[in-house]
2 protein chains.
Amino acid sequence: MTDSHSDDQSPADRFARAREAQAVALLEDYVEMIGDLIEEFGEARVADIAERMGVAQPTATKAIGRLKREGLATSRPYRGVFLTDKGADLADRVRGRHRTVVEFLVAVGVPHSVAELDAEGIEHHVSDETLAVFERFLRGRG
Amino acid sequence: MTDSHSDDQSPADRFARAREAQAVALLEDYVEMIGDLIEEFGEARVADIAERMGVAQPTATKAIGRLKREGLATSRPYRGVFLTDKGADLADRVRGRHRTVVEFLVAVGVPHSVAELDAEGIEHHVSDETLAVFERFLRGRG
DNA sequence: CAATTAAAATAGCCATGGCTATGCATTTCA
DNA sequence: TGAAATGCATAGCCATGGCTATTTTAATTG
Ligand SMILES: [Mn+2]
Ligand SMILES: [Mn+2]
Ligand SMILES: [Mn+2]
Ligand SMILES: [Mn+2]
């Protein structure tokens with residue numbers, strides 16, 4: 001018989017996957033957060049984006065350039081940054097995942113403030129399958 | 001009265017923390033994996049490290065240079081890479097965290113292969129406090 | 001022991017994601 | 001309405017983490 005707990009993936013595959021998740025993590029955080037700013041203030045200015053990300057203003061400008069290149073955002077100087085449909089969709093998905101991860105961690109006993117801190121990184125590495133398990137866990141306890 | 005569910009950290013603090021975790025993630029994976037190779041084969045050669053990481057050989061050489069600079073490893077050409085005490089300690093901690101995260105995910109219902117995949121990224125963002133919660137969860141169900 | 005082969009190092013390229021300093025354009029307001 | 005203040009963009013630096021191509025060095029073998 002074949003080994004009952006086979007490896008499924010090579011380490012190289014796992015590492016490649018983690019590297020890929022890392023590469024998109026920053027853009028995910030930007031779109032989610034730009035969505036938050038628009039929700040809160042009706043607009044997302046470069047300076048506010050930089051402040052909320054905790055980076056210098058030119059760093060935010062550069063990142064916004066990448067968002068534009070990826071078709072996730074547009075911007076008009078002195079008028080703010082806007083999410084495209086694609087960007088808004090991504091923001092929604094990312095925000096949902098963020099909330100689910102935080103709620104799940106809290107549900108298993110992690111203090112809320114710690115859960116928020118850890119979730120900011122964890123969220124980018126949780127697969128749809130794992131996310132579904134978290135949601136089921138949450139439902140299964142009302 | 002003061003808000004009972006206060007924010008605790010600014011978004012900028014959370015993002016900074018996630019960025020920091022990301023910065024060390026790669027070195028953690030290298031030391032853990034080098035430890036595995038030494039365990040399995042008695043030595044960790046540059047070519048094997050590169051293959052297991054899924055990167056080109058010069059990429060591994062460069063990373064090993066960083067490990068050395070950080071005091072985590074030493075190396076002798078044609079003789080392999082070795083972990084310092086500090087490196088071996090880190091490898092042990094990282095491996096323990098990896099195992100705990102995988103076991104926890106499996107315990108809540110994530111398929112093993114998916115758990116392995118997700119854990120490779122998640123492990124670097126799990127705080128000691130959250131890890132302790134995962135361990136308690138695992139103990140509390142034998 | 002010389003020649004071959006294999007292993008590792010080096011050179012040099014690219015993109016990302018940080019930063020500071022500075023320039024320019026738009027708003028705002030006296 | 002023109003000066004001042006503000007907001008944003010640009011230039012240019014650095015480290016990291018990828019890559020390919022090439023060179024060097026060590027190990028192996030005829
Ligand atoms: Mn995040
Ligand atoms: Mn988030
Ligand atoms: Mn990992
Ligand atoms: Mn790992």
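Lettering of chains follows the sequences in order, A, B, ..., and the numbering in each one begins at 1. Since the model is a prediction, treat every value here as computed from it, not as a measurement.
A salt bridge links A/R95 and A/D36; the closest N-O separation between the charged side-chain nitrogens and carboxylate oxygens is under 4.0 Å. Comment: B/R45 does not engage B/E51 in a salt bridge, judged by the lack of any side-chain N to carboxylate O separation of less than 4.0 angstrom. Under 4.0 Å is where a charged nitrogen must lie from a carboxylate oxygen, and between B/R93 and B/E28 no such pair does. Between A/R99 and A/E135, no side-chain nitrogen of the basic residue sits less than 4.0 Å from a carboxylate oxygen of the acidic one, so the salt-bridge criterion is not met. Using a 4.0 Å cut-off between charged nitrogen and carboxylate oxygen, A/E70 and A/K68 do not count as a salt-bridge pair.
A/L27 places its CG atom 15 Å from the C1' atom of C/dG18, with the value rounded to the nearest Å. The CZ atom of B/R66 sits 14 Å away from the P atom of C/dA9 (whole-angstrom rounding). We find that CG of B/L26 is positioned 5 Å from P of D/dG17, with the value rounded to whole Å. If you take CD of B/E70 and P of D/dT16, they are 8 Å apart, rounded to a whole angstrom. If you take CG of A/L67 and P of C/dA15, they are 18 Å apart, rounded to a whole angstrom. As rounded to whole Å, 14 Å separates atom C1' of C/dA15 from atom CD of A/E20. We find that CD of B/Q22 is positioned 11 Å from P of D/dG18, with the value rounded to whole Å. To the nearest angstrom, C1' of D/dG18 lies 12 Å from CE of B/M53.
When the shell of 6.0 Å around CD of B/E103 is examined, it contains more than 12 heavy atoms from other residues, nucleotides or ligands.
Residue A/R19 has no polar side-chain atom (N or O) positioned under 4.0 Å from OP1 or OP2 of C/dT16.
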note = Scoring nucleotides 2-13 of chain D by protein non-hydrogen atoms under 4.0 Å (B base, S sugar-phosphate only, - none) yields -----BBBB---

